[in-house]
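One structure is given here, and the rest of the page talks about it.
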Amino acid sequence: MRVAKIIVDVPTMQTNRPFDYGIPDALVDKVQPGMRVVVNFGQGKRLVMGMVVALTDSTDFDGELKPIQDVLDEQPVLSKELLALSKWLADDSFAFWITCLQTMLPNALKTETKQLKNGAGTQVVDKGRVQTVDYLHTLLPAARYTDLLQEVRKNAVKQIALLTRLGELAAQAEVLPVLQLEKELGIPRSIITAAAAKGWVELEQREEYRHPYAELDNMPRTTPLTLTPQQQDAFDAVSDALNSQQNDTFLLEGVTGSGKTEVYLQLMAQTLADGRDALMLVPEIGLTPQMVARVKGRFGANVAVLHSGLSDGERYDEWRRIARGEAHVVIGARSAAFAPLQNLGLLIMDEEHEASYKQDDAPRYNARDVLRWRGAYNHAPVLLGSATPSLESRARAQKNVYKLLLMPERANHRALPPSEIVDMREAEVDEHSGDLSTELISALTECLQRGEQAVLLLNRRGFSSFVMCRECGYVAKCPNCDISLTLHMDSHSLRCHYCGHEEAIPRICPSCQSKKIRYYGTGTEKVEQTLNAVLPQARVLRMDVDTTRRKGAHGRILKQFGDGQADILLGTQMIAKGLDFPNVTLVGVINADTALGLPDFRASERTFQLLTQVSGRAGRAEKPGRVLIQTYNPDHYAIQLAQHHDYERFFALEMHMRHEGNYPPYFFTFKLTVSHEEEDKAAKAVYRLADMLTAHLSDQAIILGPTRGAIARVKRRYYYQIVIKYKKEPALQATLEQMLETTQISSRSGYQIAFDREPLSFI
Ligand code: ADP
Ligand code: ZN
Ligand code: ZN
């Protein structure tokens, strides 16, 4: 008997392995690895989705195998490559295999088990649907429609109109969407349905893609630029690897504006010419319409786009275009690393240092590792690009694990904009100008007078606005989490950024009943108000989580700014990346150092990266640019070196700090988090885990903690964590696996445990 090995959609430790099912004769020719099936799992009649991961002819199970009930897919939805990748990912990230399989599929292919009426059991159905459109075919020769015209009543105007048009369609052997015909003739669907019933026409359902960027596919194509010598060198190195199908990883370190994107585009073109596929990842916030337009501009409809801003339907359709080989270039955010391209020849990751490539929930993977896995599988080069590479990647290049490609100059040979530091400890700031120094205000004024544009960055990390009672110091806190509530002026409310709790701003202090409630902090809204007051002539566009919540809002704001409908673009981190507006000549950073104080060894690295990125937005075209950085730490090396765009010095210095502190890239890190609704239970559990680690790991491993989470309570749960730092720890994998198995038992008693390899956040 044919046997299928199946991972069932029941994410628990006990079920985290393939189960054997028999394949009934009727399904033998259908079932293939990578297909989703319906199986009966456990006691009772519960039906669940399962993924076939292998087929065999024998089983170790001594008992009667249950049969597969049904097959959900006509074709495998996961290729052999992606199945293998899912297994690796599960092992590497300690996530359930089914969770990894689900991560690779678009939401529309997730299933739900539905209860049937009258206790008739359950049914497993897809969450999403293929969109179809009805088309109309004529069934009769043209002359027959003319004959029929004689037979209908003279006042049946709509029928007459229909028959006349059908005659034309039949003569030209044309097929039309029904909807189009309805509009054209102004007739209701019922007339057409009736015509179908009479055998005049036939209706056919055709699958139709939801096309998120349709308007870009028909734009005139751009042609490749002549590469500068530094671009040519970078191109040649990767091109050689492409030709010899060599799985090398390249680190392209190129300053902002050095033309990395043009190098990517030309390498993609070569990949396509060789008949292979290209995948390019960009950070979620870097996936600006500008970037999509540049890639679509070169390759048109051959490009599929995948990111979280699309609807489930759009994503599903883009995913199917890729799986069917109708799109050979994919540009997307983190999860596009799993795009079902069949024949990968080149994998690119732009802004490789970005933290958004790391997923915070299970499976906790870094897309960079996924690309490297797929590169090895497909014998394809991987190209990581950044103006400010992560310390980890740059250190690998130092050791020749990655090949380093340098582009130290801008493509148009313009100098990088000079940056000036405004020492806020001494800056003149008057009452009305809030957090804007006199220098910044006059620079803005001059910029506006020249008819040019400015970008203003408010560093949101490590900072939020809140309300406090001036009488007793009361600060409004979230009832579910151990954190103060953030003030939102647009909705006049206080909100928790962790659990979403929302409440009205109090007028009277709940603690002392005084009326002296005051608003604190520099939210983007507050800066916007200040700008309106001190520069009333300036048109300001604000871009932050609040103004970009609605679908497409991000793109609309950028388009408005690009079209010159505003003078100042004020925003958080999301404005720092990838923008290329020729009329922007001034970049101002309102608070460069709020992130420096965070309890995170990457605080300097993040600050340096952000300042370098945002400075790169100024003076990209003909007009020279200027950058003003306001800071309370003008002597900090991250700020000073960002001022001089000196990545290499920063790398050397920061490596030294990391070495002193035994941090990555000298050490690997691993974070364990335990949570429970009762604080003492979480605490006891985490100490038990710490004991296990001490018992099993070598004395070279450094175990930090257990400590309470930096935000100890989130969504009514208490968090404790342990961080392990190690160089070589062969026992780690087995110890952690054993831990998962023993702690799974207690997950029934309300524990949650999370493992995070190379965490990017220690909060
Ligand atoms: P990066 O991605 O490195 O920040 P971009 O690819 O955005 O840089 O390039 C910056 C600018 O330089 C863009 O306007 C781009 O069109 C232009 N550019 C890039 N390469 C060339 C080239 N070889 N010749 C002329 N202009 C170029
Ligand atoms: Zn909360
Ligand atoms: Zn009070």
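FYI, side chains are in, hydrogens and waters are out, and symmetry mates aren't considered; it's all heavy atoms of this structure. In each ligand, atom 1 is the first atom listed, and ligand 1 is the first ligand listed. Values in this document were obtained by computation on a predicted structure and should not be read as measured data.
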Mode of Met407 contact toward ligand 1 - side chain, backbone, both, neither (heavy atoms, under 4.0 Å) | neither
Nearest-neighbour protein heavy atom for atom 8 (O) of ligand 1, which is reported as residue plus atom name and distance | Gly259 N, 3.1 Å
Atoms of ligand 1, numbered as shown, that sit under 4.0 Å from any heavy atom of Thr226 | 22 (C), 23 (N), 24 (N)
Minimum-distance pair of heavy atoms, taken over all atoms of Glu318 and Leu306 | CB-CD2, 3.9 Å
N/O donor-acceptor pair under 3.5 Å between Asn583 side chain and Gly451 backbone = yes
Okay, side chain of Arg717, backbone of Ser675: is any donor-acceptor separation there less than 3.5 Å?
-> yes
Looking only at protein heavy atoms, what sits closest to atom 26 (N) of ligand 1 is Leu225 CD1, 3.8 Å
Among all protein heavy atoms, pick the one closest to atom 20 (N) of ligand 1 and tell me residue, atom and distance.
-> Gln231 NE2, 2.9 Å
Does ligand 1 have an atom that lies less than 4.0 angstrom from a heavy atom of Val255?
-> yes
With side chain to side chain donor-acceptor pair (under 3.5 Å) as the test, would you mind laying out the steps for Gln266 and Glu262 before giving the verdict?
-> CA-CA 6 Å; Gln266 297 201 16; Glu262 185 61 30; 2.8 Å; yes
How wide is the angle at the Zn ion (ligand 3) between SG in Cys509 and SG in Cys469, to the nearest 10°?
-> 110°
Presence of salt bridge, Glu392 and Arg602, under 4.0 angstrom | yes
Taking atom types as modelled, find out whether Thr585 and Glu452 have a side-chain donor-acceptor pair closer than 3.5 angstrom.
-> yes
Answer with yes or no whether Gly257 contacts ligand 1, where contact means a heavy atom under 4.0 Å from a ligand atom.
-> yes
Is there at least one pair of N or O atoms, one from Leu227 and one from ligand 1, spaced under 3.5 Å apart?
-> no
When every non-hydrogen atom of Thr607 is compared with those of Ala592, the smallest separation belongs to CG2-O, 3.6 Å
Tell me which one of Ala411, Pro224, Ala387 gets a heavy atom nearest to atom 18 (N) of ligand 1.
-> Ala411
Is it true that a side-chain atom of Gln643 and a backbone atom of Ser419 form a donor plus acceptor pair closer than 3.5 Å?
-> yes
Kindly check if the number of other-residue, nucleotide or ligand heavy atoms within 6.0 Å of CZ (Arg716) is above 12?
-> no
Could you walk me through whether Arg708 and Glu679 pass side chain to side chain contact (heavy atoms under 4.5 Å, CB included), step by step?
-> CA-CA 10 Å; Arg708 293 179 91 203; Glu679 179 159 23; 3.1 Å; yes
At what distance is the nearest protein heavy atom to atom 15 (C) of ligand 1, and which residue and atom is it?
-> Arg294 NH2, 4.0 Å
Please confirm whether Phe561 and Phe581 have ring centers closer than 6.0 angstrom.
-> yes
Atoms in ligand 1 with a heavy atom of Thr256 nearer than 4.0 Å | 4 (O)
Return yes when at least one N/O/S atom of His501 is nearer than 2.8 Å to the Zn ion (ligand 2), and no when none is.
-> no
Would you mind checking which non-hydrogen protein atom is closest to atom 2 (O) of ligand 1, with the distance to 0.1 Å?
-> Thr261 OG1, 3.0 Å
Can a non-hydrogen atom of Arg410 be found less than 4.0 Å from any atom of ligand 1?
-> no
Quick one: nearest non-hydrogen protein atom to atom 14 (O) of ligand 1, plus distance?
-> Asp580 OD2, 3.1 Å
What's the SG-the Zn ion (ligand 3)-SG angle here (Cys472, Cys512), rounded to 10 degrees?
-> 110°
